[in-house]
Amino acid sequence: MKSFYITTAIDYVNGSPHLGHAYEKVLTDVIARFRRQMGDKVHFLTGVDEHGQKVQQSAKVRGIPPQQFADEVSAEFRALLPKLNISNDDFIRTTEERHKKVVRQVLQQLFDKGEIYKAEYQGFYSARQEQFLQEKDRNPDGSWPEIYGEVTSIAESNYFFKLRGYQEWLVQFLTKNENFIFPRFRQKQVMEFLKDPLNDLCISRPRERLAWGIPLPFDEDYVTYVWFDALINYYSAVADQPGVWPAAWHVIGKDILVPPHAVYWPIMLHAAGLPLPGGIIAHGWWLQRGAKMSKSLGNALNPLDLIAEFGADAFRYFVIREMNVGQDSEFTREQFLVRYNSELANSLGNLVNRTLNMTARFAQGVIPAAGLVEDPEKELHALWTKTRDEFIPLCEGFQFHTALEHVMGFLTATNAYIEKRAPWKLGKSAEPRDQELLRTSLATMAEALRLGVALLEFVMPASAAKINGVLGYAPGNIWKDELAWDGRLTGCKTAEALVLFPRPQPAAKPATPS
RNA sequence: GCCAGAGUAGCUCAGUGGUAGAGCAGAGGACUCAUAAGCCUUUGGUCCCCGGUUCAAUCCCGGGCUCUGGCACCA
């Protein structure tokens, strides 16, 4: 069995989870579930980043220890996972001993190799904000903004990691592995970034300035800062599990691609003599009217509200159906409702409902065998074959939105097939041929529904289980075996009709100016 | 400023060197198993602008405009 290790970024616990966090979990989960059904041995990691200055400050404001603060916010992130039906195998917190141990090991190893050195750093420091400032933090007239208070030029000794020496190696690596970063155009941005010389990376903070971190193993007066702490989680979580590392993919937001994941991380691994991951998927942002969704803009839409209202599957379906992985997308309640109503309620939900109704009414709730294969059946069979054959390559290329579009096309064709056969008319006829056609059409629509659902399962696992249940069907363990059009539903006893995706409101008629 | 991505029907987007497509929304129709759902038909477009190459450009080249993102030891 092929090993497939996949990770999300770890979330920084200085704020509550929002839509972007939820999307990244769902996207990674969809990939993980897809690989599992393809037969891979999947290991799926997510987690939280708990160290650092902001956590220390926030805890101080609340008058509680940083660990307690981290515990509280981490619990929020962790609670999100079951609500989204995320199938992660592990959850890592950077304050866990297993993580700290590996971080210190890697640091010590690099220090022993001479990859880390101590040097004096000269910069402008804001005592009020407890941070060094950049040139770009200045006002246009050269002064420092009021929020920084008094700014002084000070010198501080810190430890640096020798990034610069690996720049040429990284350029060559990326040139040879042109699919390392998905989508491909982002890799070009990395190459562009690497045209300028790299500076070595400052990886420490004096403990008196930042106590909430992992002490350097070779100098306990310092803690390691940000990237050696955060990035190593991907490795530390599985360091004691042979055969898992390297990761197949790291799924991250585009904001942390360059430089941390595309530059620091490969170089850190290479310098430490560890294998590199298969690649990095950088997804886009959810926007509202073109602006990034964020709390400060007051436009943050709480995904938990939508999940509570419509269920995890509807949320999962929307984000995967709507967003082309790597690009940005709009997220509004209106757009969510359009997809929900037209695709989940009207196309899929109604198909489930009418199939169950007709099977109950015209076949006493037992799915009959298909006796005939004429043009309408042949056309639907052919569309199924096409849909199925295109589906897997699309998913392998992360084109989930297109894959789902095709599945919807197949469900629409199934609805059209039902209109063509009109079982409600056949049911009124006693002619043997009409009765045969009735059985055939009932069997065909049920089979088409079963197959369509098999393709939706990794996006909407709960709904898929429910639909299989009301069809009286229990899928086997091997997903690919489920994709054959055959008569396996014959004799299955269906449940009473149900409304799977209730419409929240009657179709709104927008006022049309006359 | 530099680099990257993008500008196509009301909306979201696909697409090709030969005067453009899908879904949704809108309009009309026949039906009734069904969640006022489903099905059939259908109205919408100077394919950002200006030049150039070509028999022919929305798609190729040059210039311009607009939007979005990145530009390091700040998540």
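Letters go in sequence order (proteins before strands), and every chain restarts at 1. The structure displayed is predicted, hence computed values, not measured ones.
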Checking contacts here: which listed nucleotide ([options]) is nearest the side-chain heavy atoms of [X]?
| X | options | answer |
| --- | --- | --- |
| A/Arg186 | B/rG69, B/rU35, B/rC24 | B/rG69 |
| A/Leu198 | B/rA72, B/rC31, B/rA14 | B/rA72 |
| A/Phe193 | B/rA72, B/rG38, B/rC73 | B/rA72 |
| A/Gln335 | B/rU12, B/rA34, B/rC33 | B/rU12 |
| A/Trp424 | B/rA34, B/rA75, B/rU32 | B/rU32 |

Tell which nucleotide pairs with [N], taking only Watson-Crick or G-U wobble pairs whose two distances are both under 3.5 angstrom.
| N | result |
| --- | --- |
| B/rG1 | B/rC71 |
| B/rC60 | B/rG52 |
| B/rU66 | B/rA6 |
| B/rC39 | B/rG29 |
| B/rU19 | none |

Q.
With a 6.0 Å cut-off on the ring centroids, do A/Phe161 and A/Tyr264 count as close?
A.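 Aromatic pair excluded; centres sit 6.0 Å or further apart.
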
Q.
Taking the ring of A/Phe310 and the ring of A/Phe336, is the distance between their centroids below 6.0 Å?
A.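 That pair passes the under 6.0 Å test.
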
Please report, rounded to the nearest Å, how far the [atom2] atom of [N] is from the [atom1] atom of [X].
| X | N | atom1 | atom2 | result |
| --- | --- | --- | --- | --- |
| A/Leu337 | B/rG23 | CG | P | 21 Å |
| A/Met445 | B/rC39 | CE | P | 14 Å |
| A/Leu257 | B/rA75 | CG | P | 18 Å |
| A/Glu343 | B/rA22 | CD | C1' | 12 Å |
| A/Leu163 | B/rC73 | CG | P | 12 Å |
| A/Lys425 | B/rC39 | NZ | P | 16 Å |
| A/His283 | B/rG69 | NE2 | C1' | 14 Å |
| A/Tyr417 | B/rC31 | OH | P | 22 Å |

Could you give the distance separating [M] and [N] at their [atom1] atoms, to the nearest angstrom?
| N | M | atom1 | result |
| --- | --- | --- | --- |
| B/rG10 | B/rA4 | P | 32 Å |
| B/rC49 | B/rC40 | C1' | 41 Å |
| B/rC11 | B/rG1 | C1' | 35 Å |
| B/rG26 | B/rU19 | P | 32 Å |
| B/rU54 | B/rG18 | C1' | 11 Å |
| B/rA30 | B/rG17 | P | 44 Å |
| B/rC59 | B/rU42 | P | 30 Å |
| B/rG5 | B/rG62 | P | 14 Å |

Q: State whether the number of non-hydrogen atoms from other residues, nucleotides or ligands found under 6.0 Å of A/Lys118 atom NZ is greater than 12.
A: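 Counting neighbours around NZ of A/Lys118, more than 12 heavy atoms of other residues, nucleotides or ligands fall under 6.0 Å, so yes.
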
(Q) Is it the case that over 12 heavy atoms from other parts of the model lie below 6.0 angstrom from the CD atom of A/Glu120? (A)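 Atom CD in A/Glu120 is packed in, count exceeds 12.
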
Q: Take A/Arg78 and A/Glu50 through the salt bridge (Lys or Arg N to Asp or Glu O under 4.0 Å) test and state the conclusion after the steps.
A: CA-CA 13 Å; A/Arg78 198 158 196 166; A/Glu50 301 190 324; over 6 Å; no

Q: Mind telling me whether A/Tyr159 and A/Phe111 have parallel, tilted or perpendicular rings, with 30° and 60° as the class edges?
A: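 Correct class here is perpendicular.
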
Q: Using the six-membered ring wherever Trp is involved, compare the ring planes of A/His270 and A/Trp169 and label them parallel, tilted or perpendicular (cut-offs 30° and 60°).
A: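 Because their plane-to-plane angle is under 30°, the rings of A/His270 and A/Trp169 count as parallel.
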
(Q) I'd like to know if A/Asn346 reaches the base of B/rA37 with its side chain such that a donor and an acceptor end up less than 3.5 angstrom apart. (A)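 Side chain to base: no pair below 3.5 Å.
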
Q: Please confirm whether any donor atom in the side chain of A/Gln189 sits under 3.5 Å from an acceptor in the base of B/rG70, or the reverse.
A: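 When only heavy-atom distances are counted, A/Gln189 does not reach the base of B/rG70 through any donor-acceptor pair under 3.5 Å.
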
Give one of base, sugar-phosphate or nothing for [X], where a contact means two heavy atoms less than 4.0 Å apart.
| X | answer |
| --- | --- |
| A/Asn357 | sugar-phosphate |
| A/Thr412 | sugar-phosphate |
| A/Ala416 | sugar-phosphate |
| A/Pro183 | nothing |
| A/Ile256 | base |
| A/Tyr12 | nothing |

(Q) Can you work out whether A/Val338 or A/Glu322 has the more 5'-proximal nearest nucleotide on RNA chain B? (A)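 It is A/Glu322, whose closest nucleotide lies nearer the 5' terminus.
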
(Q) For A/Tyr264 and A/Ser347, find the nucleotide of RNA chain B closest to each by heavy atoms; which residue's nucleotide sits nearer the 5' end? (A)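 Of the two residues, A/Ser347 wins.
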
With a 4.0 Å cutoff (strictly under), does any side-chain N or O of [X] reach OP1 or OP2 of [N]?
| X | N | answer |
| --- | --- | --- |
| A/Lys420 | B/rC39 | no |
| A/Arg205 | B/rC74 | yes |
| A/Tyr225 | B/rA75 | yes |
| A/Arg354 | B/rA37 | no |
| A/Arg361 | B/rA34 | yes |

Q | Anti/syn call for B/rG70, syn if |chi| within 90° | A |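 Chi for B/rG70 falls in the anti range.
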
Q: Dump the intermediate steps for side-chain hydrogen bond (donor to acceptor under 3.5 Å, both in side chains) on A/Tyr225 and A/Asn158, then the final yes or no.
A: CA-CA 10 Å; A/Tyr225 188 66; A/Asn158 265 309; over 6 Å; no

Q. With a distance cut-off below 6.0 Å to the six-membered ring centre and an angular limit of 45° from the axis, does A/Arg339 pair with A/Phe318 as a cation-pi contact?
A.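 Verdict for A/Phe318: no cation-pi partner in A/Arg339.
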
